[in-house]
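Down below is the structure, laid out as structure tokens.
Counting convention: from 1, in listed order, for ligands and their atoms alike. FYI, the numbering just counts along the sequence from 1. What you see is a predicted model; the values in this text were computed from it and never measured.
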Amino acid sequence: MKKLDIPFGRPWIANEDRKAVMDVLKGHILTHGPNCTAFEDEFVAMMGGGSAASTSSCMAALHLSYLHFELGPGDEVIVPAMTHVATVHAVALTGATPVFVDCELQSGNMDLNRIEDAVTPRTRALSVVHFCGIPCAMPDVMRIADRYGLRVIEDCALAVGARYDDRHVGLFGHTGCYSFYPVKHITTGEGGMLVSQYEDVVGAISRFRAFNVDRSHTERTIPGIYDVTGVGMNYRMSEMQAALGRTQIKKIPEIAKRRSKNFRALKEGMLAIEGVSVLDAADDRALNSHYCLIAVLSGDLARRRDDMVRALNERGVGTSIYYPHPVPRLSHYRTKYGYDSALYPSAETISDRSIALPVGPHLTTRDMADMAKAFSAAVSGKTRKPAQKAPGKKPRARKK
Ligand SMILES: *Cc1c(COP(=O)(O)O)cnc(C)c1O
């Protein structure tokens with residue numbers, strides 16, 4: 001079997017992206033200017049509603065959300081055990097206590113049936129993550145949150161294009177937070193977007209994001225004169241990043257099409273392999289944004305997970321693990337709060353028995369077929385034959 005060339009993630013940067021960044025550098029406004037405003041407007045148009053504020057990262061947008069709602073010591077925030085650590089760090093940095101809830105095994109999303117058990121009189125907010133682009137059942141989440149008067153912060157880092165009941169995620173809760181890190185759906189190098197259906201929330205957070213100055217450059221009648229109404233941060237996006245975001249956003253329809261086509265092809269191939277199940281949305285009310293495909297292994301295969309990863313990588317298939325530990329099992333959190341393995345059986349299953357495979361726009365359905373075949377071969381323990389080269393002939397250079 002020939003060596004494949006299937007990297008896990010690859011930013012899609014074309015000439016128009018490079019030109020947009022260079023054009024900013026030909027001017028004088030390098031931060032917090034017209035490109036940021038236009039990127040925010042275009043992001044809102046892409047979602048089909050709401051308001052938006054660009055930020056320096058998704059974690060900054062999450063942190064701003066908790067600061068805005070004045071979370072602090074003594075407060076509790078319900079968070080999923082199965083997520084990126086940034087979801088939880090943003091809570092912990094305010095001094096509030098994260099309270100972890102296990103996920104369900106069909107989607108990797110927080111198990112909504114377990115939320116109410118985690119609510120106490122100190123619970124102030126609920127953090128939901130659309131796990132690898134699979135949207136949570138937001139109407140149900142909001143019903144529970146409303147019952148206890150909780151703020152809802154949506155972590156949409158992997159969910160550009162994900163919808164529930166045809167409404168874009170990020171517009172159900174009080175805020176939604178997006179990431180433009182290089183391997184996410186679109187990139188600005190580093191960067192994020194805070195969105196909300198509540199315009200006043202976005203307005204207040206926009207000011208907080210920029211030192212809590214009461215008026216921006218364009219609103220000042222005398223240059224240099226402004227007032228400050230509270231403490232604030234510098235969590236802004238630069239104009240170079242925003243210009244890149246604006247050309248990236250135009251690619252979203254094509255990105256969505258390729259990701260969904262690749263996901264369907266790979267899912268079919270993977271489900272034909274015994275001992276493999278695939279995380280996906282439960283029904284067609286939820287539109288998955290297909291960040292990656294998570295194959296969950298069972299039985300004998302589950303015990304061989306790390307060997308499977310090695311075999312796939314050797315064959316040229318890039319893989320990842322989403323996420324390598326339930327967050328409460330990470331050293332910092334287990335030391336601080338203790339860890340009871342019995343509380344997170346599904347999160348542990350995904351951390352310890354799954355492999356994430358790529359479906360990004362840099363790949364084709366042909367790559368999906370090759371990947372499923374490589375996976376099958378790894379299952380049956382066939383190893384790659386040494387490359388058979390004609391003597392004296394150089395091996396074919398791999399595309400980079
Ligand atoms: C990547 C990611 C983040 C962090 O995003 P940054 O923009 O790098 O801060 C947060 N949550 C989830 C679910 C992510 O995948």
Side-chain angles (χ1 to χ4, degrees), residues 8-11 36 39 43 52-67 77-94 98 100-101 103 107-110 125-136 138 141 152-162 169-170 173 175-195 205 209 233-238 241-242 244-245 248-249 259 279 288-294 320-328 330 333 347 350-351 354 356 358-360:
F8 183 79
R10 180 151 292 185
C36 283
F39 184 33
F43 202 82
S54 52
T55 58
S56 53
S57 70
C58 176
M59 177 154 169
L62 292 165
H63 192 203
L64 286 167
S65 302
Y66 293 112
L67 291 171
V77 179
I78 295 175
V79 295
M82 181 44 35
T83 183
H84 189 292
V85 72
T87 318
V88 185
H89 277 354
V91 171
L93 278 171
T94 68
F100 297 97
V101 168
C103 61
S107 64
N109 280 327
M110 183 154 61
L126 176 57
S127 153
V128 289
V129 178
H130 305 291
F131 187 69
C132 291
I134 302 170
C136 298
M138 287 310 294
V141 169
V152 175
I153 312 302
E154 295 179 62
D155 182 334
C156 307
L158 302 178
V160 165
V169 299
T175 66
C177 304
Y178 288 85
S179 173
F180 308 128
Y181 183 76
V183 298
K184 314 275 165 145
H185 285 70
I186 58 170
T187 187
T188 59
E190 295 275 9
M193 191 72 83
L194 178 135
V195 309
I205 291 179
R209 159 198 70 166
M233 286 280 191
N234 179 357
Y235 270 169
R236 292 177 303 208
M237 178 178 271
S238 77
Q241 291 170 307
L244 179 53
Q248 288 275 304
I249 216 170
R259 284 186 175 275
L279 300 190
N288 186 345
S289 66
H290 303 113
Y291 175 67
C292 61
L293 179 141
I294 297 195
S320 191
I321 311 283
Y322 282 82
Y323 289 91
H325 296 278
V327 175
L330 293 167
Y333 288 102
I350 294 178
S351 287
S354 80
V359 298

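Tyr322 and Phe8 have parallel rings, their planes meeting at less than 30° on a 0 to 90° scale where 60° marks the start of perpendicular.
Short contacts between ligand 1 and Cys58, defined as distances under 4.0 Å to a heavy atom of the residue, involve ligand atoms 5 (O), 6 (P), 7 (O), 9 (O), 10 (C). Residue Ala157 has at least one heavy-atom neighbour below 4.0 Å for each of these atoms of ligand 1: 2 (C), 3 (C), 10 (C), 11 (N), 12 (C), 13 (C), 14 (C), 15 (O). In summary, the atoms of ligand 1 found under 4.0 Å from a heavy atom of Leu158, numbered by their order in the structure, are 15 (O). Every atom of ligand 1 is numbered from 1 in the order shown, and the set under 4.0 Å from a heavy atom of Ser57 is 7 (O), 9 (O). Interface of Gly191 with ligand 1, defined as ligand atoms under 4.0 Å from a residue heavy atom, comprises 7 (O).
Using a 4.0 Å cut-off between heavy atoms, Tyr322 makes no contact with ligand 1 at all. Counting heavy atoms under 4.0 Å from ligand 1, residue Ala86 touches it through the side chain alone.
Using a 4.5 Å cut-off on side-chain heavy atoms (C-beta onward), Leu279 and Ile350 make contact. Between Met193 and Ser54 there is a side-chain heavy-atom pair separated by less than 4.5 Å.
How far CZ of Phe100 is from OG of Ser127: 10.0 Å, rounded to the nearest 0.5 Å.
Of the candidates Lys184, Glu190, Met59, His63, it is Lys184 that places a heavy atom closest to atom 15 (O) of ligand 1.
When all heavy atoms of Met237 and Thr188 are compared, the pair lying nearest together is CE-OG1, 3.9 Å. The heavy-atom pair separating Tyr291 from Val359 by the smallest distance is O-CG2, 3.9 Å. For the residue pair Arg259 and Val183, the shortest heavy atom distance occurs at NH2-O, 4.5 Å.
Atom 7 (O) of ligand 1 has its closest protein heavy atom at Ser179 OG, 2.7 Å. Among all protein heavy atoms, the one lying closest to atom 10 (C) of ligand 1 is Asp155 OD2, 3.6 Å.
Ligand 1 has no nitrogen or oxygen under 3.5 angstrom from a nitrogen or oxygen of Thr83.
Using 4.0 Å as the threshold, Ala60 has no heavy atom nearer than that to any atom of ligand 1.
Other residues, nucleotides and ligands contribute over 12 non-hydrogen atoms within 6.0 Å of the OH atom of Tyr333.
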